[in-house]
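Some notes on the structure that comes next.
Each chain gets a letter, A, B and so on, in the order its sequence line appears, and its residues count up from 1.
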Number of protein chains: 2
Amino acid sequence: MGDSGGARDGRTRKAARLIDVARLADVSRATAARALGGYGVVTQETREKVAEAAKALDYRVNDLARSMRSGKTLTIGVVVADISNSFTLNSIRGIIDASGSAGYQSLVLNTDGDVRREREAVRVLREKRVDGLLIVPASRLDVGHLAGGRGHGAPVVLFDRFIDDLPLDSVVTADFEASRAAVNLFVEHGHRRIGLLLGTAAHHGHQDSEPHDTVSAVRERARGALAGFADAGLAVNPSWVRYAGSVAPTALAAARHLLSQSPRPTAILAGNEEMLLGALAAAEEIGLAIGRDLSLIGFDDAPWLAVFRPPLSVIQRPTYELGRRAVSLLLSKVGGNRRSESIVLPATLINRASVASISDH
Amino acid sequence: MGDSGGARDGRTRKAARLIDVARLADVSRATAARALGGYGVVTQETREKVAEAAKALDYRVNDLARSMRSGKTLTIGVVVADISNSFTLNSIRGIIDASGSAGYQSLVLNTDGDVRREREAVRVLREKRVDGLLIVPASRLDVGHLAGGRGHGAPVVLFDRFIDDLPLDSVVTADFEASRAAVNLFVEHGHRRIGLLLGTAAHHGHQDSEPHDTVSAVRERARGALAGFADAGLAVNPSWVRYAGSVAPTALAAARHLLSQSPRPTAILAGNEEMLLGALAAAEEIGLAIGRDLSLIGFDDAPWLAVFRPPLSVIQRPTYELGRRAVSLLLSKVGGNRRSESIVLPATLINRASVASISDH
DNA sequence: TTGGCAAAAGAGATCGATCTCATTGGGTGT
DNA sequence: ACACCCAATGAGATCGATCTCTTTTGCCAA
């Protein structure tokens, strides 16, 4: 009320600082900090006095100042190539939950698979002095920004994808084995013309050969499928293999291309959700019934698969758990653990009803 | 190499600070700052000398210190109730793009519709001194944390939901009108038994009356539907109205409940993606064909709808644009604009093939 | 009464970048 | 030759919380 116009009248002027609380409680900053921070020795009476003042001024610590002093931000940066697919989304849930219960905030940035944005994101996060970085790298080759420069010690853990020549810790799925198992399943059902629809960075078009810069997850899936072909003594037919940017129109175009071959594949392994959607759309266009005229296996389970008919067979990855493991590994490194580690979790092939048996071969 | 063990040998010890750059370039901190920051007056020669030193030491500014000094973090906080649905996801895209091109980072936190987590998220973001907050509030009643306390001036813009008694700016969809239009469409096709499946906070069960704490978006949709009933002179049948927590099992249970009424509704308006999935699953269980035995309209378009058969009619909200507008409004307030504003964007009813005509009534 | 000692509280430095306000220097005009 | 001015740079303060290192206070025993 009768505040005589000091700099901070506690009304709406400025946020209260520790020193304002100290003044109101008539103690020093050090004492106020002790009382609020619950360390050192403070009288019960003083503690209450300070608490009261803090409440009266609606005091909130300035985390910037605190981080500055402590050198820790209790924040990890998460850089993902694509937030919108089910895999990433669930993983992020795991990441947020795990980091949250360890007292860390997560700063999630999306790059849409663009290395430039990724570089920028990493720079910003390092400038914000995050304590650690979890990265789904967009590129296999352009990786200079991943390993922190001199002294930029914030540890890095790669998520879902590893980089061959970079000794960075990673948490990934056993994509090779999953892909191979899918092909094996097709083969067991009599398929010998098996198509591969592999999703790459969104800005790519579609083509039959592996793009120069393909991330490990996609490579592993391609290699796994090839291993599956080899298991069955099948030769690879390049016109049944398609790499496509992970965006609806491109996926559709690539799927159309696959299905317009003659002979056309009788089965398709779709490398991600977009590819699966593209394959479904293209199949429908030319009147192929899934699970009868065309067999299909996709990567990653999604909510809508529960209502899609026929029920689609998919490779289910332990998304949430991957996220948790990645955080746990990252935080152990934040804590000083120097041991390098690469975690690989297995995927599960869930065969529902989109793989048909072929009698004649 | 022959570094004589100073505190910072530039190898892997500590991140270089401005003062390290200044020392190496043999200038003062002030000059180094000027050279790097591109302000004030500096000789071309000095500028290069400093740039060289910065590069040699791999210098990165410490954003904490900078923000501390400037009082700005160039960061906005985004608190959403549920990242995983298509609506939020697309909106976040719009938010990130818009804020990014205005030079702001976005800090996205997810609350899963839990007010406690929301309060915590807002507290953390305020402590991190974000310049503004974009919030999808989880509750209509527990809102004390939304209006920043005294002096915590970071402006707040509500997203997708408004709070009746709180004079906060908001950016929302015309849910009332959209919902009414959907009901009108049902009515035009001869439907007189119209079910409502409204999604609420994830932790709720399902019930026929409006939960005490229902966010504006859901309320508006309910009211809009009721208005649609009134337009047609239809009475409300409470057993055709179901409020359900937005999580798969609950949505399914609620949908089952709706469809087990007798007489059962011939049309259902599903309040969000989960409700739509629940309705589809429940309809399939009892062998109702969508677009023939049961008509259906959902809220929000999603990628999988492109391949679902029959094509489902949905209310499409301008998700991306909503995000952009919200950021633009928020940043104008960050910039000092005091004018209060509420933006309402219209939704579009896309009628595909899930609304059947009923001949007899 | 006074020494001694522990409990409680205060003073001041620190984190790193930025910015205001000097200060230095070289040059020019008369 | 001297004053003056401007370009270029440096010194030091500032942002706010924390923490170490004093300093003060209070209490008890001798």
- Message: Tell me whether A:Asp131 is salt-bridged to A:Lys72, with the criterion being a basic N under 4.0 Å from an acidic carboxylate O.
- Response: no
- Mind checking whether A:Pro137 and A:Val143 have side chains closer than 4.5 Å, heavy atoms only? no
- Task: May I ask you to say whether B:Arg93 pairs ionically with A:Asp82, meaning some side-chain N is under 4.0 Å from a carboxylate O?
- Result: yes
- Message: Taking any heavy-atom pair under 4.0 Å as a contact, classify B:Val41: base, sugar-phosphate, or nothing.
- Response: base
- Could you check how far NZ of B:Lys128 sits from C1' of D:dG16, rounded to whole Å? 15 Å
- Write down the atom of B:Thr111, the atom of B:Ala81, and the distance for their closest heavy-atom approach. OG1-CA, 3.3 Å
- If you draw a 6.0 Å radius around CD in A:Glu45, do more than 12 non-hydrogen atoms from other residues or ligands fall strictly inside? no
- What pair of heavy atoms forms the shortest contact from A:Ala54 to A:Val21, and how long is it? N-CG1, 3.8 Å
- Message: Check this one for me: any side-chain N or O of B:Thr31 less than 4.0 Å away from OP1 or OP2 of D:dT9?
- Response: no
- Note on the structure: Per side-chain hydrogen bond (donor to acceptor under 3.5 Å, both in side chains), A:His145 is matched among A:Arg119, A:Glu118, A:Arg123 by A:Glu118
- For the helix from C:dT1-D:dA30 to C:dT30-D:dA1, what angle lies between the axis at the first five pairs and the axis at the last five pairs, to 10 degrees? 70°
- Query: When the distance from CD of A:Gln44 to P of C:dA9 is rounded to whole Å, what number comes out?
  - Reply: 11 Å
- Task: Would you please confirm or rule out a distance under 4.0 Å between OP1 or OP2 of D:dC15 and any side-chain N or O of B:Ser67?
- Result: no
- Task: At under 4.0 Å between heavy atoms, which parts of nucleotides 17-22 of chain C does protein reach? Answer with one letter per nucleotide, 5' to 3': B base, S sugar-phosphate only, - none.
- Result: BBB---
- Let me know the distance between NZ of B:Lys72 and P of D:dG16, rounded to the nearest Å. 13 Å
- Message: Please check: side-chain N/O of A:Ser328 versus main-chain N/O of A:Arg324, any donor-acceptor pairing under 3.5 Å?
- Response: no
- Using heavy atoms to find the nearest nucleotide of DNA chain D for B:Met68 and B:Thr46 separately, return the residue whose nucleotide is more 5′. B:Thr46
